[in-house]
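Report on one structure; see the data block that follows.
This chain uses plain numbering: 1 for the first residue, then up along the sequence.
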Amino acid sequence: MGNISLFDDQENSVSNVRDAFRRRVRRVLLVSPTGSGKTIMFSYITHNAMVKQKRVTILVHRTELIDQVSAALEQFDVPHGVIAPGFPSRPAFPVQVASVFTLVKRLPQYQPPDLLVVDEAHHTVASTWGKITDAYPKALILGVTATPCRATGAGLDDAFDEMILGPSTMDLIEKGRLSPLRVYAPPPASMEGVKVRMGDYVTSQLAKAVDKPKITGDALDHYQKLTPGAPAVAFCVSVDHARHVSEQFMGAGINAISIDGTMDRGTRKSIIADYRAGKIMVLTSCDLVSEGFDVPGIITGISLRPTKSLGLWIQQTGRILRTIEGKKEAFLLDHAGNCMQHGLPIDDREWSLAGQDKDDKPKQTIKTCKACYAINPVSASVCKECGQAFAAEAKPRELMQEAGELVELDVAAMRKKVPREQAKARTLEGLRELGKQRGYAEGWALHIWNARQRKLGAGT
């Protein structure tokens with residue numbers, strides 16, 4: 001195996017996955033933040049399975065992910081075939097990296113795997129993925145994701161039997177494995193008249209609501225003011241919206257380009273290579289860079305897409321937290337006001353296989369001053385920007401532009417640090433019961449309990 005060593009938290013996650021399989025749990029879901037090295041972890045597991053002469057199939061849903069998984073497997077000296085258009089067919093290889101949309105059409109051509117790894121496992125709810133998992137009833141299944149939730153709020157308990165939690169995003173930031181985050185946000189954009197379908201805003205109506213020159217121009221102005229010259233990614237509503245945004249940046253002399261799924265594989269690969277090399281400064285896209293897009297050099301994320309999907313929000317913002325030499329911090333310019341909808345992307349969250357009621361509103365951690373539109377912690381009695389008392393009725397300022405001014409958020413004050421249910425579980429038995437409700441691995445409760453005892457011991 002190559003010169004790859006796992007971090008302690010990665011080794012712990014891999015060990016918990018093995019323990020679950022040893023306990024005859026067939027369908028295991030590993031939840032770990034974007035940038036925690038999920039691809040490295042399942043490539044390590046794949047190498048060990050190959051050594052034991054087991055067959056492994058790794059499912060992905062985009063070409064870019066095939067390239068990334070293949071690169072990781074090569075680091076672990078794992079020869080493998082690829083099941084996707086444009087790649088040579090090598091069915092004899094015991095390890096295969098497969099496009100889910102191709103494999104579902106070629107199922108009879110390949111031997112069933114002993115282990116089926118599902119990258120971006122929140123997609124397993126789709127009927128295409130289900131056909132594949134149903135076709136391999138004897139295979140162990142390992143799903144990996146940073147966001148174990150569906151847009152509707154429903155859980156993944158129909159696809160997985162047990163959840164294993166990796167480190168939190170803040171754990172990795174404190175260890176220097178992810179970048180500290182600075183967040184700027186405007187007053188929320190008006191979504192009046194934009195309907196919701198299947199758990200998120202209707203794209204066509206959303207595009208009309210936000211794809212306006214003054215909103216796009218506001219994104220350009222704030223980029224130039226707050227992070228000029230920084231490599232950036234803009235998350236847009238649609239392909240057309242992404243093109244319009246890139247044109248705005250190009251018009252200001254900033255080398256920008258939009259990337260989307262209608263482009264052929266070679267074109268997309270060339271654009272990403274140019275972006276990595278610094279030839280392109282701003283990349284704009286709809287959903288293509290929301291999942292599995294591994295480019296550590298991103299400094300600034302420009303959020304131009306309001307979304308009711310917590311999963312999409314975390315997947316998008318996770319792109320900007322990856323570290324690279326010389327990068328001190330990441331910037332999030334939240335023009336869409338998603339922080340008000342979902343909280344900070346670095347908040348601790350109480351994931352559960354059972355999901356949550358979509359009608360349950362998340363705990364509000366921030367609020368907007370009606371006088372100056374500055375973002376404040378929900379506990380603030382007066383606005384930190386203009387001094388207006390929140391208890392009094394402030395006369396709203398007349399909005400001249402929809403985009404308004406971005407105000408830096410107080411990330412430390414706003415961050416949701418401790419899951420409330422976990423904090424209320426004061427005994428080991430209480431933690432075990434909570435873990436059972438959430439579908440966590442059996443060792444989770446003991447791990448939390450032991451960590452608490454060590455902390456108490458350190459304080460004496």
Side-chain angles (χ1 to χ4, degrees), residues 173 178-189 210 212-237 241-242 244-258 275 278 280-285 289 295-306 313 316-324 326-346 366 368-369 372-377 383-386 397 399-415:
I173 290 175
L178 292 178
S179 301
L181 181 66
R182 294 177 64 178
V183 184
Y184 292 79
V210 303
K212 302 175 182 178
K214 54 187 173 184
I215 292 178
T216 301
D218 186 61
L220 170 63
D221 292 343
H222 281 85
Y223 168 82
Q224 291 177 315
K225 180 172 65 176
L226 297 171
T227 61
V233 169
F235 304 104
C236 303
V237 170
H241 184 207
H244 296 166
V245 173
S246 68
E247 289 167 1
Q248 289 286 333
F249 277 84
M250 287 291 288
I254 299 169
N255 197 11
I257 193 169
S258 63
Y275 183 79
I280 297 171
M281 192 56 62
V282 178
L283 198 62
T284 69
S285 179
V289 296
V295 179
I298 302 172
I299 301 292
T300 303
I302 305 172
S303 180
L304 301 174
R305 173 177 179 168
W313 170 238
Q316 289 181 338
T317 52
R319 304 305 113 199
I320 69 175
L321 296 179
R322 295 181 184 273
T323 60
I324 194 172
K327 179 181 178 180
K328 296 180 179 179
E329 54 194 354
F331 292 80
L332 174 59
L333 311 186
D334 180 21
H335 293 271
N338 288 314
C339 282
M340 298 299 294
Q341 173 83 5
H342 302 294
L344 295 172
I346 60 175
I366 53 180
T368 302
C369 175
C372 73
Y373 303 109
I375 303 299
N376 288 259
C383 175
K384 65 185 179 68
E385 292 294 326
C386 71
R397 176 190 299 170
L399 275 178
M400 301 303 293
Q401 296 184 22
E402 285 190 22
E405 278 294 315
L406 297 188
V407 178
E408 184 169 9
L409 308 187
D410 188 343
V411 172
M414 289 166 43
R415 191 171 69 82

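A distance-only check finds a donor-acceptor pair linking the side chain of Tyr223 to the backbone of Ala230 [under 3.5 Å].
Note: Leu181 CG to Leu409 CG = 9.0 Å, rounded to the nearest 0.5 Å. Distance check, rounded to the nearest 0.5 Å: CG of Leu304 to OG1 of Thr284 gives 9.5 Å. The line from OG of Ser258 to CD of Glu247 is 8.0 Å long, rounded to the nearest 0.5 Å. Atom CG of residue Asn255 and atom CE of residue Met250 lie 5.0 Å apart, to the nearest 0.5 angstrom. The distance from the CD atom of Gln316 to the CG atom of Asn338 is 7.5 Å, given to the nearest 0.5 Å. The CG atom of Leu283 sits 8.0 Å away from atom CD1 of Ile257, with the distance rounded to the nearest 0.5 Å.
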Take Ile346 and Leu321 through the side-chain contact (heavy atoms from CB on, under 4.5 Å) test and state the conclusion after the steps.
CA-CA 10 Å; Ile346 60 175; Leu321 296 179; 4.2 Å; yes
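A 4.5 Å side-chain heavy-atom check between Val411 and Leu344 finds at least one atom pair inside the cut-off. Within the 4.5 Å cutoff, side-chain heavy atoms of Thr323 are placed close to those of Ser179. No side-chain heavy atom of Thr300 sits under 4.5 Å from any side-chain heavy atom of Leu226. Taking the side chain as every heavy atom from C-beta outward, Tyr275 and Ile298 approach each other to under 4.5 Å. Counting heavy atoms from C-beta outward, Ile320 and Phe331 have side chains that stay 4.5 Å or more apart.
Scanning all heavy atoms of the two residues, the minimum distance from Lys327 to Ala330 falls at CE-CB, 4.1 Å. Of all heavy-atom pairs spanning Phe249 and Ala256, the tightest one is CB-CB, 3.7 Å. When all heavy atoms of Cys339 and Trp313 are compared, the pair lying nearest together is SG-CZ2, 3.8 Å. Nearest heavy atoms, Cys236 versus Ala242: SG-CA, 3.6 Å.
Checking each of Asp334, Val183, Asp221, Leu333 against Leu406 for a side-chain contact (heavy atoms from CB on, under 4.5 Å) leaves exactly one that passes, namely Leu333.
Aromatic ring orientation, His222 versus His335: perpendicular (interplanar angle above 60°, classes split at 30° and 60°).
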